[in-house]
Amino acid sequence: MAYDSNNIFAKILRGEIPCKKVYEDDFALAFHDIQPQAPVHVLVIPKGPYVSLDDFSLEAQPAEIGGFFAAVGETARVLGVVEGGYRILANVGRDANQEVAHFHVHIFAGRPLGPMIKKS
Ligand code: AMP
């Protein structure tokens, strides 16, 4: 799938749509999810134009990949959720219900998060 630069996260990166920013560096922007599914629900997105983790892992430079995942860990530290624990999740494609076609990692925290995946 080709990257569509009109997706909502691309607009957030360009500053055309506001976000509640948590953390930003050269590689990533982290902001609160608009429909939180846990007391802490934050999205971390790379600055480059990647549709999904599949696209990112195929096309991004090693420095971008390393920088991005370092930013995910730093975002969790900024949020203060390391001691209590947290979960990261990335939906890729149809069966995972990926809604926004700009690669993003969800960070969930703030309560016991239950089973890793729905059973059916
Ligand atoms: P996914 O299903 O993994 O693609 O998740 C997309 C996430 O983006 C959902 O949790 C939405 O609530 C969230 N979302 C959509 N639009 C916005 C927005 N403008 N600001 C913050 N989060 C958003």
Side-chain angles (χ1 to χ4, degrees):
M1 184 204 281
Y3 184 80
D4 175 3
S5 59
N6 284 320
N7 77 73
I8 196 127
F9 294 169
K11 290 179 179 172
I12 287 174
L13 279 173
R14 290 195 296 268
E16 294 166 14
I17 288 179
C19 71
K20 281 174 63 184
K21 188 181 355 181
V22 174
Y23 175 76
E24 182 172 16
D25 64 20
D26 288 347
F27 298 102
L29 173 67
F31 52 90
H32 290 278
D33 196 288
I34 206 165
Q35 286 189 295
Q37 295 186 42
V40 176
H41 184 176
V42 165
L43 302 171
V44 190
I45 67 174
K47 293 225 164 149
Y50 303 103
V51 171
S52 67
L53 176 62
D54 184 61
D55 188 22
F56 186 65
S57 60
L58 279 169
E59 302 294 340
Q61 295 301 306
E64 286 179 277
I65 295 172
F68 174 75
F69 282 101
V72 175
E74 181 61 16
T75 300
R77 289 187 288 275
V78 167
L79 288 164
V81 299
V82 176
E83 191 183 342
Y86 64 96
R87 179 174 292 160
I88 69 169
L89 180 149
N91 291 315
V92 180
R94 184 195 57 218
D95 282 355
N97 294 330
Q98 182 179 359
E99 289 172 9
V100 179
H102 181 114
F103 172 44
H104 50 283
V105 165
H106 299 253
I107 298 177
F108 299 105
R111 65 166 165 77
L113 293 167
M116 192 157 60
I117 190 165
K118 204 174 161 195
K119 289 218 163 66
S120 61

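All values below come from the heavy atoms of this structure, side chains included, with hydrogens, waters and symmetry mates left out. Remember, it's 1-based here, ligands and their atoms both numbered in the order they're listed. The shown structure was predicted, so the numbers you read here are calculated from the model rather than taken from an experiment. Counting from 1, the numbers follow the sequence of the chain as shown.
- Note that the SG atom of C19 and the CG atom of L13 stand 8.5 Å from one another [nearest 0.5 Å].
- Looking at F68 and F103, their side chains come closer than 4.5 Å, going by heavy atoms from C-beta outward.
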Report each N/O pair between ligand 1 and the protein that falls under 3.5 Å, naming both atoms.
unit_1, atom_1, unit_2, atom_2, d
ligand 1, 2 (O), N97, O, 3.1
ligand 1, 2 (O), E99, N, 3.3
ligand 1, 3 (O), N91, ND2, 2.9
ligand 1, 3 (O), H104, NE2, 2.8
ligand 1, 3 (O), H106, NE2, 2.8
ligand 1, 4 (O), E99, N, 2.7
ligand 1, 4 (O), V100, N, 3.0
ligand 1, 4 (O), H104, NE2, 2.9
ligand 1, 5 (O), H104, NE2, 3.2
ligand 1, 5 (O), H106, NE2, 3.4
ligand 1, 10 (O), D33, OD1, 3.3
ligand 1, 10 (O), D33, OD2, 2.5
ligand 1, 12 (O), D33, OD1, 2.6
ligand 1, 22 (N), I34, N, 3.1

- Passes side chain to side chain donor-acceptor pair (under 3.5 Å), H41 versus H32? Steps please. CA-CA 6 Å; H41 184 176; H32 290 278; over 6 Å; no
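- Here the OG1 atom belonging to T75 is positioned 10.5 Å from the CD atom belonging to E24, to the nearest 0.5 angstrom.
- Under a cut-off of 6.0 angstrom, the local environment of CZ in R94 is sparse, with at most 12 non-hydrogen atoms contributed by other residues, nucleotides or ligands.
- Not less than 6.0 angstrom separates the ring centroid of Y50 from the ring centroid of H102.
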